[in-house]
2 protein chains.
Amino acid sequence: MNKKTTIYDIAKVLDITAASVSRALNNNPKISESTRKLVLETAAKMNYKQNKLALALRSGKSYNVGVIVPRIDSNFFASVIRGIEEELYAHKYNVIICQTHEDEKREFENINTLLNAQVDGILMSVSNFTSESDSSENDRIIKRVIEKNVPLIFFDRKKNIDGVSSVTINDYDVSYLATKHLIEQGCSRIAHFKGNQSLEIFANRLAGYKQALLDNGIAFNESYVVQTKSSVEAGALAVNALMKLKNPPDAIFSSSDFAALGAIQQLKKEGLRIPEDFCVVGFGNEPFTDFMELPMSTVDQVPLEMGKMTAKVFLEHIDNTGNVKIEKKVVLTSELNIRQSSLRSNSQALEVVNNKKGVKI
Amino acid sequence: MNKKTTIYDIAKVLDITAASVSRALNNNPKISESTRKLVLETAAKMNYKQNKLALALRSGKSYNVGVIVPRIDSNFFASVIRGIEEELYAHKYNVIICQTHEDEKREFENINTLLNAQVDGILMSVSNFTSESDSSENDRIIKRVIEKNVPLIFFDRKKNIDGVSSVTINDYDVSYLATKHLIEQGCSRIAHFKGNQSLEIFANRLAGYKQALLDNGIAFNESYVVQTKSSVEAGALAVNALMKLKNPPDAIFSSSDFAALGAIQQLKKEGLRIPEDFCVVGFGNEPFTDFMELPMSTVDQVPLEMGKMTAKVFLEHIDNTGNVKIEKKVVLTSELNIRQSSLRSNSQALEVVNNKKGVKI
DNA sequence: CTACATAATGCAATCGATTACACAAACGTA
DNA sequence: TACGTTTGTGTAATCGATTGCATTATGTAG
């Protein structure tokens with residue numbers, strides 16, 4: 001009943017061809033000023049809107065970008081997406097959101113869907129499925145993305161694949177820093193909540209933690225390292241196990257804010273004072289960490305910047321008309337926010353320690 | 001270099017026409033079993049993927065749905081989007097995300113962009129720009145969406161427009177309930193942090209609050225109602241002003257969790273005990289409300305369900321091939337989570353009060 | 001062996017916009 | 001006047017998939 005107006009409709013009204021209408025609308029010089037004016041007026045009057053699908057089909061550019069994340073309702077991913085959307089909005093790109101729920105099959109399907117939809121690029125954070133499962137199929141489809149010359153950019157959770165750019169934070173360095181900070185606060189039996197080690201980011205956090213211990217003359221103690229999921233319950237359970245050790249720890253560097261919170265709640269229940277008896281540093285700078293009775297020290301992963309940077313790297317790939325392949329590994333400098341959960345002395349300011357925002361290529 | 005395979009490529013290989021390939025791939029009965037098998041095999045071998053753009057152009061269905069929200073990095077909107085995505089994923093629709101940042105022009109542009117992109121529907125939460133501004137242009141474009149027969153569904157922040165469906169929660173009822181709960185706790189001088197009254201949801205919350213007071217013999221006191229933004233700082237400022245009154249309040253029902261938090265922090269600073277001296281109920285069930293030292297009572301807006309329901313209503317519109325116009329106003333039952341910030345007695349269980357999930361049409 | 005139904009395939013238009021190429025008119029110059 | 005140049009338009013192909021209609025091949029009945 002209410003059909004959309006096309007350039008053919010405009011052409012018919014003005015008794016010219018669609019080609020001329022198209023030229024008039026696109027600032028093509030091969031058109032007279034008079035008809036251009038006429039076309040523009042008529043187009044406005046008829047409420048013409050360019051059909052992007054037709055354009056996309058012809059040009060091969062859909063101006064859509066796919067973003068794949070485990071889930072969108074986590075502050076970190078939502079903020080990254082916000083950054084991506086804001087940056088791409090300025091360049092007329094739309095953002096299509098897909099969630100994997102950490103499921104391998106979903107990840108595979110999402111990539112497929114996005115390819116079918118002819119997206120101009122895929123920005124993704126790899127899912128965290130158990131390494132036992134045979135992920136070869138997903139690796140294969142990722143290879144196809146690359147073969148098809150669809151720009152693929154990893155953010156945060158990356159895979160190491162030749163020719164694929166990525167944007168991450170300095171997990172190793174900031175973990176080193178966080179551990180060093182705990183040592184400086186007088187802690188000597190520092191535990192670590194580690195994440196899935198098949199993901200680089202979590203492996204790097206563990207490595208930074210280890211190195212900080214070694215550099216400060218503290219022996220690495222395997223029993224102080226517990227793998228935990230990113231949840232309050234997991235953190236409570238993990239800390240319970242730790243406190244049953246013969247020589248229980250006096251601090252935790254957790255790779256998850258949620259697990260850190262669970263640990264704090266549990267420790268308080270058992271009557272420990274924080275930070276006097278026990279220090280805790282989390283990871284993620286979730287909003288609640290700053291709203292707690294006792295604000296929690298944590299690592300800010302600068303998600304907004306990560307999103308913007310990921311979008312920028314994508315745009316560079318798009319603009320790269322030359323034959324030179326781009327492969328950029330951007331490492332953003334994250335921030336260690338020292339708050340009361342780990343601040344005993346006044347030796348360190350109650351503030352951001354490392355806020356030099358830097359970019360390494 | 002690595003062109004995508006089309007049905008023409010398959011046709012050429014098998015020395016048949018693209019029409020036959022298409023028929024084979026689409027389970028069209030007008031094709032012999034032998035060629036169908038041949039085509040399917042060859043398609044798999046050549047790694048054929050249907051080009052959705054071509055399909056969309058021809059059929060007029062893009063299988064994309066636009067979602068417009070003020071911002072994505074709030075727990076509420078992110079959760080709604082999660083619900084939408086999950087529901088639509090099962091029906092092969094993609095979700096395109098747009099943010100307005102509460103800006104009128106952005107809202108207008110987003111609607112335009114989505115229409116150009118030929119989305120099959122638009123799901124939106126209206127932006128919160130000052131009512132002074134002349135929003136007639138946005139109203140006009142919304143009318144155009146309706147004229148074009150593009151399904152439009154509002155969620156949470158709706159406008160009252162004929163022919164437009166919406167999904168909201170029972171703001172009035174739950175606000176009534178929350179206020180009544182505060183009265184039952186022995187509070188008699190109950191203040192309210194209200195939001196922008198040009199948005200229905202905030203007007204309804206104020207109305208429910210008022211009615212609960214009246215029904216319980218408490219006079220409505222204009223000076224107990226303060227308009228606040230949804231931020232910690234705004235809440236602290238607002239409560240400061242309230243406490244300077246000759247007869248300061250002994251409770252707050254806030255239409256924002258963040259403002260409620262600000263109020264609590266400020267009150268504690270001034271030495272008041274919560275809930276003994278002062279009770280607080282928030283709105284939104286932000287994650288932090290449950291993680292606080294003193295968990296905050298708050299209204300859960302059931303965002304996941306809201307997202308799923310919004311998607312379902314959209315699907316009904318799409319499936320509605322008849323000439324009958326659908327206009328659905330779904331009101332979801334939200335949940336009042338009573339926690340320690342407002343629980344003095346044990347008369348009410350420390351639990352969800354209203355968890356009968358219901359749907360009214 | 002003809003006639004006619006049925007099955008399988010090809011042909012060509014369609015969706016809407018862009019653009020290389022062809023062509024015409026208008027102009028300038030020798 | 002004749003020829004080249006500029007300028008503006010039209011023609012038709014293209015992007016990839018689908019589908020109504022025409023056409024061919026096959027089968028069946030009379």
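Excluded from the calculations below are hydrogen atoms, water molecules and symmetry mates; all remaining heavy atoms, backbone and side chain alike, are included. Convention: sequence-line order gives letters A, B, ...; per-chain numbering from 1.
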Enumerate the residue pairs fulfilling salt bridge (Lys or Arg N to Asp or Glu O under 4.0 Å) with a member in residues 17-39 of chain A, sequence neighbours excluded, ordered by first and then second residue. Glu33(A)-Arg36(A)
Residues pairing under salt bridge (Lys or Arg N to Asp or Glu O under 4.0 Å) where one sits in residues 43-56 of chain A, two or more places apart or in two chains, turn out to be none
Hey, which of these two, Tyr8(B) or Ala18(B), hits DNA chain C nearer its 5' end, going by closest nucleotide? Ala18(B)
Excluding sequence neighbours, so at least two apart, what forms side-chain contact (heavy atoms from CB on, under 4.5 Å) with [X]?
| X | result |
| --- | --- |
| Glu87(A) | His91(A), Lys308(A), Ala311(A), Lys312(A) |
| Thr100(A) | Ile68(A), Pro70(A), Arg106(A), Glu107(A), Asn110(A), Ser127(A) |
| Asp9(A) | Thr5(A), Thr6(A), Met46(A) |
| Asn26(A) | Ser22(A) |

Short N/O separations, protein against nucleotides 4-9 of chain C, under 3.5 angstrom:
from, atom 1, to, atom 2, distance (Å)
dT9(C), OP2, Ser32(B), N, 3.1
dT9(C), OP2, Ser32(B), OG, 3.2
dT9(C), OP2, Thr35(B), OG1, 3.0

Ring pair (Phe, Tyr, Trp, His ring centres under 6.0 Å): which pairs involve residues 14-66 of chain A, sequence neighbours left out? Tyr63(A)-Tyr93(A)
Heavy atom of residues 38-65 of chain A under 4.0 Å from DNA chain D: which residues? Leu57(A), Arg58(A)
Would you find a donor on one side and an acceptor on the other, under 3.5 Å apart, between the side chain of Asn64(B) and the backbone of Asp120(B)? no
Would a distance-only check, ignoring hydrogens and angles, find a side-chain to backbone donor-acceptor pair under 3.5 Å from Ser125(B) to Phe155(B)? yes
If the condition is side-chain hydrogen bond (donor to acceptor under 3.5 Å, both in side chains), which residues does Thr35(B) pass it with, not counting sequence neighbours? Ser32(B)
Is there a side-chain polar atom (N or O) of Asn28(A) under 4.0 Å from OP1 or OP2 of dT18(C)? no
Check whether any side-chain heavy atom of Lys159(B) lies under 4.5 Å from a side-chain heavy atom of Met124(B), and answer yes or no. no
Looking at five pairs on each end of the helix from dC1(C)-dG30(D) to dA30(C)-dT1(D), what is the angle between the two axes, given to 10 degrees? 70°
Where chain A begins and ends its contact with DNA chain D, read 5' to 3' at 4.0 Å from heavy atoms: dG8(D) to dG16(D)
